[in-house]
2 protein chains.
Amino acid sequence: MKRSKWASDLHWVREGQQDRSRKTQAALLDSAEELFAEHGIGGATIADISAAAGCSIGAFYHHYQDKRSVQFALFERYATEYEDTNRIALDHERWEGAQVGDILLAYVQVTLANDRGFPARRQATVELARAEPEINSQLIKLKAMLDLGISDLLIARRDEIGHPDPELAVTFVLDQLGSMLRTRMQEPDMPTRFGQHPDEDFAHEAMCSVCAYMQIELPAEV
Amino acid sequence: MKRSKWASDLHWVREGQQDRSRKTQAALLDSAEELFAEHGIGGATIADISAAAGCSIGAFYHHYQDKRSVQFALFERYATEYEDTNRIALDHERWEGAQVGDILLAYVQVTLANDRGFPARRQATVELARAEPEINSQLIKLKAMLDLGISDLLIARRDEIGHPDPELAVTFVLDQLGSMLRTRMQEPDMPTRFGQHPDEDFAHEAMCSVCAYMQIELPAEV
DNA sequence: ATTATCTATAGATCTATAGATAATGC
DNA sequence: ATTATCTATAGATCTATAGATAATGC
């Protein structure tokens, strides 16, 4: 039976142990993510992480062997989400009828929305990659997969591109947009730079720049 | 008397104490810079820094009160160099006869050369800014000063710029180039991105992109 | 006499464990 | 009976100091 909207958020029964366990683990990962992003991995102690997750140091060690294993678990969670999202997003059928500019604009918009939603995620992942070479190479592979996926979509539309070397132009543009998006999230405080302007204006100027460089049509929504 | 070129590198006399002191301090700063950049501030112990500088922990504490004071000293050194360089580079007389594209190309080339020469400096400074709010705001001021200086040079040549909003275009372009340069230094390993291409090709494509967006002339050297 | 360095170590901090208690599952 | 959590703490690591030694300056 479907519960009424009034009741749907209430829980009369106690949670099972598995739920409890999952929740603690997730809370520990969330806290680790935030603290790693803010203070670096070395700057976040296990006591900090446990306290932020609302549990004890003992509980921490019940779920994770040590700090390193949290690092790997955190990356695992990130990698799974990242792959799943990209698999859906890069499906060729999804983009039937789309032009080069539409795909690039979507890339910008989706990345902005993602990073706004989870502001610590990007920085925490950077920290993980720096601390663990294994994670670093995994992360490079993940990003390369996304780049290749978008490249495929764009190169399939190479006839639209007026730039004399479409492959080079695609590589350059993905690097350019990726760099700007990263800076926009990591350094929002620079008074003289574009971080002060709203996301919409950023997307607009970025598309103008990209379209002028590649010599493609400006997407309709801009 | 000018010493012969054979002798100019030899030192028969012992260094004075002040030289010795200065050298140890500089070596400690250099080591701290490198280790902060590689492992983060929390990941670099005082023992690590001292060992890398070729001195003891005791010597460290003779020169610096604690880790924090090295952080400030390191930033101080960076800030001084940065300001001095920019004061010279941003002199309006220096750029007489230069066009917008010339100035932007010089910005790209000088930044590349600087970062190649001191690969750890940028990352270490990022770490310092994150650890100390005081350093962070100082750093923002320094960068803002450079941005404003370049902006002034470019806006003084606004007649060359075809973009409908020259001020906006200048802000956007400085953000764009700055972002790409930063990514180029910090993430050189991405196989699908432009880091794989040589600096000359990067500068070329960056200038093509910027000139197409701003609607200015491509500088002669590109 | 002063400055720079070293070795050795006390004290602080952090990690990781042991042993006890509380919550669920059968 | 099993799983999840807690408190208390041993052991490891790091910071920062004390006291001794070596190098320069007068």
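Chain letters run A, B, ... following the sequence lines, proteins first, then strands; residues in each count from 1. Side chains are part of it too, since the values below use all heavy atoms of this structure and drop only hydrogens, waters and symmetry mates.
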Does the side chain of B:His63 get closer than 4.0 angstrom to OP1 or OP2 of C:dT5 through an N or O atom?
yes

Can you check whether A:Thr24 has a side-chain N or O nearer than 4.0 Å to OP1 or OP2 of D:dA4?
no

Measure from the side chain of [X], starting at C-beta and using heavy atoms only, and say which of [options] lies closest.
X       : options               : result
A:Cys55 : D:dT15, D:dC6, C:dT5  : D:dC6
A:Ile46 : D:dT17, C:dT15, D:dA4 : C:dT15
B:Tyr61 : D:dA16, C:dT17, C:dT5 : D:dA16
A:Arg20 : D:dT5, D:dT24, C:dC14 : D:dT5
B:Ser56 : D:dC6, C:dA4, C:dT5   : C:dT5

Tell me: [atom1] of [X] to [atom2] of [N], nearest whole Å?
X       : N      : atom1 : atom2 : result
B:Leu28 : C:dC6  : CG    : C1'   : 14 Å
A:Ile57 : D:dT9  : CD1   : P     : 14 Å
A:His62 : D:dT3  : NE2   : P     : 8 Å
A:Lys67 : C:dT13 : NZ    : P     : 16 Å
A:His39 : C:dC14 : NE2   : P     : 12 Å
A:Ile49 : C:dA16 : CD1   : C1'   : 14 Å
A:Tyr64 : D:dA4  : OH    : P     : 12 Å
B:Phe60 : C:dT5  : CZ    : P     : 13 Å

Cation-pi check for A:Tyr78 against A:Arg121: NZ or CZ below 6.0 Å from the six-membered ring centre and within 45 degrees of the axis, yes or no?
no

May I ask you to check if A:Arg184 and A:Phe202 form a cation-pi contact, with NZ or CZ under 6.0 angstrom from the six-membered ring centre and within 45° of the axis?
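Output yes; distance and angle both within limits.
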
State the pairing partner of C:dT13; accept Watson-Crick or G-U wobble contacts with both distances under 3.5 Å, and report none otherwise.
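Matched C:dT13 with D:dA12 under the 3.5 Å cut-off.
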
Please give the nucleotide sitting opposite C:dA1 as a Watson-Crick or G-U wobble pair, both distances under 3.5 Å, or none.
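Across all strands, the one nucleotide that pairs with C:dA1 is D:dT24.
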
List the steps and the verdict of salt bridge (Lys or Arg N to Asp or Glu O under 4.0 Å) for A:Asp199 and A:Arg116.
CA-CA 10 Å; A:Asp199 281 349; A:Arg116 296 283 181 218; 2.8 Å; yes

A:Asp30/A:Arg77 salt bridge by N-O under 4.0 Å criterion
yes

Ionic contact status for A:Glu187 with A:Arg193, cut-off 4.0 Å
no

Would you classify A:Thr45 as touching base, sugar-phosphate or nothing, given that sugar-phosphate means primed atoms plus P, OP1 and OP2, and contacts are heavy atoms under 4.0 Å?
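It contacts sugar-phosphate atoms only.
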
